[in-house]
Amino acid sequence: MTPGTRKVAVVGVALSDCGRLDAVTPYALHAQAARRTLADSGLDRSLIDGFASAGLGTLAPVEVAEYLGLRPSWVDSTSVGGATWEVMAAHAADAIAQGHAEVVLLVYGSTARADIKAGRRTAALSFGTRGPAQFEAPYGHTLIAKYAMAARRHMHEYGTTLEQLADIAVQTRANAFHNPYALYRSPLTVDDVLGGPMVADPFTTLHCCVRSDGGCAVLLAAEEYVPDTAKPPVWVLGTGTAVSHATLSAWEDFTVTPAALSGRKAFSRAGVTPQEIEVAELYDAFTYMTLVTLEDLGFCAKGEGGAFAAKGRLTIGGELPVNTDGGGLSACHPGMRGLFLLVEAVRQLRGEAEEGRQVRRAHGRPPRLAVASGTGGWFCSSGTIVLGRE
């Protein structure tokens, strides 16, 4: 087969234990997720020749691979925040298509919540004050404040309301209701969201993601291995990546994110349009992220995200189910959540989500096309993957 012509499939996905995990290490979560993913795929671990990891250890892919007993010949440790995993999945798919790797494991695990509870780290995430950051650090911008400023700009430019942002949290919680593994499942109202403690104007606590422990893994393989897998493949149809800025002063428009470019690339390469997508898994550290990503991926026009997301459109039974597991706002968010988006997208396409949260289309069939789009930093990076089943 000519290099570059091979199809690439997701052949295994799994979560580690998630939620409140005070007695495990992030290495153990990596191992648990990897074992479960291999079991899900039906392939032998000896076939893994590619490995991608970020966020743990000084030499992330080397240390974690050693812990897992792997000796890969292709590695990736790209780290661009929450978009890391979509970007690494794109790299892995390219490597497999070109014949540089055969079977690639992406794995993540974090005890972010437990570390804070035990005093092993502080609650405030700092990226340091070296390089360009030195010019903004004196103003005291927290990570959340940067997202909040972007949301306020969107509200100013387009009339987006607090109620519209709050409704995204309400719908996401409704999706979490049927996920037995979601950290929070009790129903919300818009008033609940608006009435919570203020974190960074306009975000109250329920506009913000949960903090949890947990991990997951995804296994990608060349098409030749699909006949040996335990479950039907989910094909990587198109990918796109983009970065925008590191400092707010270099961000030309707070209402446009790199997803506008990564999404356009992914849809073009997949040969589909946003209107053909039947389920979307979007990075949602904050409600505004969901809204602006819907716009930038082309599901609606710029400035219309608030209206588009209304009337239950994002729920399991809505026109465009979004974050069907409850997302980072309700299900889990142990840090760089992008890999969880791929796991959930694959499960939805396979039709194996729990009763009540499995998306059903015409004649009760599972969706055929899904998109997973991760966001990193404060909208600094984006990776978008279009997935489909036969």
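For the numbers below, each heavy atom of this structure counts, side chains included, while hydrogens, waters and symmetry mates do not.
Among residues two or more places apart in sequence or in another chain, the salt bridge (charged side-chain N to carboxylate O under 4.0 Å, His left out) test is passed with Asp115 by Arg120. Remark: Glu319 engages Arg313 in a side-chain contact (heavy atoms from CB on, under 4.5 Å) (not counting sequence neighbours). Every salt bridge (charged side-chain N to carboxylate O under 4.0 Å, His left out) that Asp22 has, sequence neighbours left out, goes to Arg113. The side-chain contact (heavy atoms from CB on, under 4.5 Å) check on Arg350 picks up Val13, Asp40, Lys231, Val234, Val346, Glu352, with sequence neighbours excluded. In this structure Phe254 satisfies the ring pair (Phe, Tyr, Trp, His ring centres under 6.0 Å) test together with Trp251, sequence neighbours excluded. Applying the side-chain contact (heavy atoms from CB on, under 4.5 Å) test to Ser77 and every residue at least two apart in sequence or in another chain returns Pro61. Every residue meeting the salt bridge (charged side-chain N to carboxylate O under 4.0 Å, His left out) condition with Glu354, not counting sequence neighbours, appears here in chain and number order: Arg357. For Phe340, the ring pair (Phe, Tyr, Trp, His ring centres under 6.0 Å) criterion is met by no residue, not counting sequence neighbours.
Two residues are said to be in side-chain contact when any heavy atoms from C-beta on lie closer than 4.5 Å; Ser381 and Val243 meet this criterion. Between Asp296 and Lys302 the shortest side-chain heavy-atom distance falls below 4.5 Å. Between Phe379 and Ser244, every side-chain heavy-atom pair lies at or beyond the 4.5 Å cut-off. Leu341 has its side chain out of reach of Trp85: every pair of non-hydrogen atoms, C-beta onward, lies at least 4.5 Å apart. A 4.5 Å side-chain heavy-atom check between Arg173 and Leu206 finds at least one atom pair inside the cut-off. Residues Gln358 and Pro367 meet the side-chain proximity criterion, which asks for heavy atoms closer than 4.5 Å. Residues Leu56 and Tyr108 are not in side-chain contact: their nearest non-hydrogen atoms beyond the backbone lie 4.5 Å or more apart. Side-chain contact between Phe177 and Thr315 is absent, with no heavy atoms from C-beta onward closer than 4.5 Å.
The pair Arg6-Glu102 meets the salt-bridge criterion, since a charged nitrogen lies less than 4.0 angstrom from a carboxylate oxygen. Under a 4.0 Å N-O distance rule, the pair Arg337/Asp325 qualifies as a salt bridge. Salt-bridge formation is not detected for the pair Arg71/Asp49: no Lys NZ or Arg NE/NH1/NH2 atom is positioned less than 4.0 Å from an Asp or Glu carboxylate oxygen.
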Chi angles and distances behind the side-chain contact (heavy atoms from CB on, under 4.5 Å) call for Val103, Leu219: CA-CA 7 Å; Val103 179; Leu219 193 68; 3.6 Å; yes
Gln171 and Asn175: CA distance, side-chain angles, deciding distance, side-chain hydrogen bond (donor to acceptor under 3.5 Å, both in side chains) verdict: CA-CA 6 Å; Gln171 294 183 65; Asn175 291 345; over 6 Å; no
Stepwise side-chain hydrogen bond (donor to acceptor under 3.5 Å, both in side chains) test for Asp192 and Thr189: CA-CA 5 Å; Asp192 290 334; Thr189 66; 3.1 Å; yes
Steps toward side-chain contact (heavy atoms from CB on, under 4.5 Å) verdict (Thr375, Thr257): CA-CA 9 Å; Thr375 303; Thr257 77; 5.8 Å; no
Derivation of the side-chain contact (heavy atoms from CB on, under 4.5 Å) call for Asp76 and Val104: CA-CA 10 Å; Asp76 190 2; Val104 178; over 6 Å; no
Stepwise side-chain hydrogen bond (donor to acceptor under 3.5 Å, both in side chains) test for Thr255 and Arg153: CA-CA 7 Å; Thr255 70; Arg153 188 64 197 181; over 6 Å; no
Full working for side-chain contact (heavy atoms from CB on, under 4.5 Å) between Phe299 and Thr293: CA-CA 9 Å; Phe299 291 109; Thr293 304; over 6 Å; no
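Taking every heavy atom of both residues into account, Ala14 and Ala33 meet most closely at CB-O, 4.1 Å. The shortest non-hydrogen separation linking Ala97 to Val8 is N-CG2, 4.0 Å. Taking both residues in full, the closest heavy atoms of Ile385 and Glu86 are given as CD1-O, 3.5 Å, listed atom of the first, atom of the second, then distance. The minimum heavy-atom distance between Ser41 and Gly12, with the atom names listed, is CB-CA, 4.0 Å. Taking every heavy atom of both residues into account, Lys146 and Leu248 meet most closely at CG-CD1, 3.7 Å. Leu387 approaches Leu237 most closely through the heavy-atom pair C-CD1, 4.0 Å.
Taking CH2 from Trp74 and CD1 from Ile48, the interatomic distance works out to 13.0 Å, rounded to the nearest 0.5 Å. Put simply, CD on Gln348 and CZ on Arg360 are 9.0 Å apart, with the number rounded to the nearest 0.5 Å. Taken to the nearest 0.5 Å, the SG atom of Cys332 stands 13.5 Å off from the CZ atom of Arg211. Summarising the geometry, atom CG belonging to Leu38 is positioned 9.5 Å from atom OG belonging to Ser46; distances are rounded to the nearest 0.5 Å. Rounded to the nearest 0.5 angstrom, Leu349 CG and Leu369 CG are separated by 7.5 Å. To the nearest 0.5 Å, atoms CG (Asp213) and SG (Cys18) are separated by 8.5 Å.
Judged as a side chain to side chain donor-acceptor pair (under 3.5 Å), the pairs with a partner in residues 61-70 (not counting sequence neighbours) are, in order, Tyr27-Glu63. Residue pairs meeting the side chain to side chain donor-acceptor pair (under 3.5 Å) criterion with at least one member in residues 276-285, sequence neighbours excluded: Thr273-Glu276, Glu278-Arg365, Glu281-Thr324, Tyr283-His333, Asp284-Asn323. Each ring-ring contact (aromatic ring centres under 6.0 Å, His included) pair with one or both residues in residues 190-225, not counting sequence neighbours, appears once here: Phe203-His207, Phe203-Phe286.
The hydrophobic cluster containing Val24 also includes Leu21, Leu29, under a criterion of side-chain heavy atoms closer than 4.5 Å among ILVMFWY residues, counted directly or through chains of members.
Both Met155 and Tyr288 are members of a single hydrophobic cluster when ILVMFWY side chains are connected at heavy-atom separations under 4.5 Å. No continuous path of hydrophobic side-chain contacts links Val75 to Leu339 [ILVMFWY only; heavy atoms under 4.5 Å]. Val279 and Val371 are assigned to two separate hydrophobic clusters, defined by single-linkage of ILVMFWY side chains at heavy-atom distances under 4.5 Å. By the rule that hydrophobic residues join a cluster once side-chain heavy atoms approach within less than 4.5 Å of another member, Val386 and Val322 end up as members of one cluster. Hydrophobic clustering places Val343 together with Met88 (ILVMFWY residues linked when any side-chain heavy atoms are closer than 4.5 Å, directly or through intermediates).
Enclosure of atom CD in Glu252 is not indicated, since only 12 or fewer non-hydrogen atoms of other residues, nucleotides or ligands lie within 6.0 angstrom. Environment of OH in Tyr181: sparse, with no more than 12 heavy atoms of neighbouring residues, nucleotides or ligands closer than 6.0 Å.
A side-chain contact (heavy atoms from CB on, under 4.5 Å) with Thr290 is found for exactly one of Leu294, Thr287, Val292, namely Leu294.
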